[in-house]
Amino acid sequence: MRSSQYLLATQKETPADAEVISHQLMLRAGLIRKLASGLYTWLPTGLRVLNKVAGIVRDEMTRTGAIEVLMPVVQPADLWQESGRWEEYGPELLRIKDRQQRDFVLGPTHEEVITDLVKREVSSYKQLPLNLFQIQTKFRDEIRPRFGVMRGREFTMKDAYSFHLSHDCLEKTYQDMYQAYCNIFERMGLEFRPVIADTGSIGGSMSHEFHVLAQSGEDAIAFSTESEFAANVEMAEALAPSTERTGPTAQMQLVDTPHAKTIAELVEQFNLPVEKTVKTLIVKASDDIEAGLVALLVRGDHELNGVKAEKLSQVATPLTFASEAEIRSALGAGPGSLGPVGLPIPLIVDRAVAAMSDFGAGANQDDKHYFNINWERDVALPQVADIRNVQAGDPSPDGRGVLEIKRGIEVGHIFQLGDKYSKAMNCGVLTESGKHQVLTMGCYGIGVSRIVAAAIEQNHDKFGIIWPDAIAPFRLALIPMNMHKSHRIQEAAEKLYQQLTQAGIDVLFDDRKERPGVMFADMELLGIPHHIVIGERNLDDNRVEYKSRRSGEKHLLELEQVLAFIQAL
RNA sequence: CGGUGAGUAGCGCAGCUUGGUAGCGCACUUGUUUUGGGUACAAGGGGUCGCAGGUUCAAAUCCUGUCUCACCGACCA
């Protein structure tokens, strides 16, 4: 490609609304432009990267025996009514009507369509197992799109769906996908980790997420220092403290605490260790709880884990915090003065709270706390559950080492779905014995467009992007200096360009009439991994200069060596 | 959906308090200059000041409404 006949679209200045580095660089390097909130146009350079990412994904998927299809973005509402997700899915599902006033949705995912397809097309056990995938645009009306294509509303995703007669067979495909995903991210040159994950609203049992590690990641991941254990913090189990609860050492006392509405204020004003305080959180209860509310207790320095809390049968789904007004009318005190003693609604305490003694908590009267509360003596120990987020330094759930927390960008997610969709939509085949059997499914997603952003988060410096070779928009930048004034340089550049292009190398030939500094700066911003600079000085010796974008190393090459050198990289 | 803030040239911003001919830097065009790291000088093109209504002789500026965008929070595959 000649830059004079291309749309480079690089910019010096960073638009004000780009927060994370990948978003800034994608705009500056001319990869994307925003059309509206969460909607982006892919410019030629960005599309080249996107296509390379998609190509690797397609290649590795095909290698495992998965077969590519392409399903519509617009889907009829009946399918969603059939699976039950027309009601289940919230406002994130964009619903539209056609000219006949029939309901449709813009597909946020394709379980319904694929299940319907397989139901119609597959009728015998002999056709199984089957793994179908597509690389397609998805639309999710995100509450808060941000970070450019990292969390856009419209995005490109690879989604695969496998169909099986038995769980063992699903298990095997799941493992194959796990391995394929590792291969994909390795080929792209990304630092990633598979972690145990929550299945969320897609449903199912076993699930892993694949995270690209980066400071700006939206998810927190817990790793063991000693073992292979890695899980999304949402899922990482917080073990019960290994030490027994100690006995009471002091009488419970009621204390006036007019200026202590938060744990921090309580700790500061009353010289109470934070590990001796308890937070009382009030959430909406599920329908079978009469009180309508449930109290969740975690230690003062711990955080409630919403995913874990939502799984408790007493807690309403989705997890909803009670408003101050609801709390006052049900409990007679404000949120800053709540505690377990005398609380008239069901209580669930975290494992760490159950192990506490002589602790302080609200007295369920405004501006008063009880200090030196002890379970059993002052209040019965209620139901105990794991409802907090793990923290750095907590013991690993597998018993080996302690946890460390890092941030990650979720770029892949694999699920063992089971029969959630196949059952709801009656997707089955005849078995060997002639009986109808509902199929077991797996589903496997990769955020293709998100990978582009994630790769930049991991590969950049102050000059711009540094693409891994496998996903670079161009592998090589050909930079002639003052070509418009020198026939020798023009001749050498044209010849190299022909030669490299014919050898199948993606070359960006910067033939613009620009100053050297402008060209260097643009090629670095674009992140092209390998640069060849042609100048008068070196041409006298029949040489050009090679420079690696990543390492910065430079050396001279004979003109005749260039092709072989690049091919050997 | 709640809180906060912002909409003025392609991008980044000033002007608004105190109403009176719309500005700066970058980018773009032309010329000269420069030529291995975003040259310098000169001349130019480009704006219904988000939109609608109101006040006024006069509105980017004051008032009302509305739309859009961003950040924080809640929420979320």
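Numbers restart at 1 for each chain; the letters A, B, ... are given by sequence-line order, proteins then strands. All values below come from the heavy atoms of this structure, side chains included, with hydrogens, waters and symmetry mates left out.
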Next on the checklist: Hydrogens and angles aside, do A/Thr10 and A/Asp522 bring a side-chain donor and acceptor to less than 3.5 Å of each other?
Outcome noted: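 Checked: A/Thr10/A/Asp522 side chains pair up, N/O donor to acceptor below 3.5 Å.
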
Checklist entry - Would you say the side chains of A/Glu545 and A/Asn538 form a donor-acceptor pair under 3.5 Å? => result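 No, because no side-chain N or O of A/Glu545 sits under 3.5 Å from a partner of the opposite role on A/Asn538.
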
Could you tell me whether the phosphate oxygens of [N], OP1 or OP2, come under 4.0 Å of any side-chain nitrogen or oxygen in [X]?
| X | N | result |
| --- | --- | --- |
| A/Lys12 | B/rC26 | no |
| A/Arg144 | B/rC71 | yes |
| A/Arg140 | B/rA77 | no |
| A/Lys513 | B/rU35 | no |

Does [N] have a Watson-Crick or wobble partner in any strand here, with both distances under 3.5 angstrom, and which is it?
| N | result |
| --- | --- |
| B/rC75 | none |
| B/rG20 | B/rC57 |
| B/rG10 | B/rC26 |
| B/rA52 | B/rU64 |
| B/rU39 | none |
| B/rC69 | B/rG5 |

Item to check | Nearest-0.5 Å distance, CD1 of residue A/Ile327 to CG of residue A/Leu293 | outcome: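 Rounded to the nearest 0.5 Å, the CD1-CG separation comes to 7.5 Å.
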
Quick check for you: among [options], whose closest atom lies nearest to any side-chain atom of [X]?
| X | options | answer |
| --- | --- | --- |
| A/Asn538 | B/rC76, B/rG36, B/rA77 | B/rG36 |
| A/Arg515 | B/rC69, B/rC76, B/rG38 | B/rG38 |
| A/Arg151 | B/rC76, B/rA74, B/rG38 | B/rC76 |
| A/Ile143 | B/rG36, B/rA74, B/rC76 | B/rA74 |
| A/Met481 | B/rG36, B/rC76, B/rC75 | B/rG36 |

Checklist entry - Under the 3.5 angstrom rule, does the side chain of A/Tyr181 hit a backbone N or O of A/Tyr444 as a donor-acceptor pair? => result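 Between the backbone of A/Tyr444 and the side chain of A/Tyr181 there is a qualifying donor-acceptor contact (under 3.5 Å).
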
Checklist entry - Is a side-chain donor or acceptor of A/Asp511 paired with a backbone partner of A/Arg2 at a separation under 3.5 angstrom? => result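 A pair under 3.5 Å: no.
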
Next on the checklist: Could you walk me through whether A/Glu553 and A/Lys547 satisfy the salt bridge (Lys or Arg N to Asp or Glu O under 4.0 Å) test, starting with their C-alpha distance in whole Å, then the side-chain angles of each, then the deciding distance to 0.1 Å, before giving a yes or no?
Outcome noted: CA-CA 6 Å; A/Glu553 64 160 309; A/Lys547 183 179 177 189; over 6 Å; no

Please evaluate the base of [N] for a donor-acceptor partner in the side chain of [X] within a cut-off of under 3.5 Å?
| X | N | result |
| --- | --- | --- |
| A/Glu524 | B/rG37 | yes |
| A/Glu536 | B/rG36 | no |
| A/Arg153 | B/rA77 | no |
| A/Lys547 | B/rG37 | yes |
| A/Asp17 | B/rG7 | no |
| A/Glu545 | B/rG36 | yes |

Item to check | Residues from residues 35-47 of chain A lying under 4.0 Å of RNA chain B - heavy atoms | outcome: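 Within this stretch, A/Ser37 sit under 4.0 Å of the strand.
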
Looking at every strand, decide which applies to [X] at a 4.0 Å heavy-atom threshold: base, sugar-phosphate, or nothing.
| X | value |
| --- | --- |
| A/Asp219 | nothing |
| A/Asn482 | base |
| A/Glu19 | sugar-phosphate |
| A/Lys554 | nothing |
| A/Arg33 | nothing |
| A/Lys138 | nothing |

Next on the checklist: Taking the ring centre of each residue, are A/His23 and A/Phe147 less than 6.0 Å apart?
Outcome noted: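 That pair fails the under 6.0 Å test.
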
Checklist entry - Quick one: are the ring centres of A/His110 and A/Tyr161 less than 6.0 Å apart? => result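 No, the ring centres sit 6.0 Å or more apart.
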
Checklist entry - Distance between the C1' atoms of B/rC69 and B/rC51, in whole angstroms? => result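 Each nucleotide's C1' atom is 15 Å from the other's.
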
Next on the checklist: Suppose you measure atom C1' in B/rU8 against the same atom in B/rC16; what distance do you get, rounded to whole Å?
Outcome noted: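 Result for the C1' pair: 11 Å, nearest Å.
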
Next on the checklist: Can you confirm whether A/Glu303 is buried at CD, in the sense that more than 12 heavy atoms of other residues, nucleotides or ligands lie under 6.0 Å from that atom?
Outcome noted: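 No, the 6.0 Å shell around CD holds no more than 12 heavy atoms from other groups.
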
Checklist entry - On RNA chain B, nearest-nucleotide positions of A/Arg28 versus A/Glu13: which is more 5'? => result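 First, find each residue's nearest nucleotide; the 5'-ward one identifies A/Glu13.
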
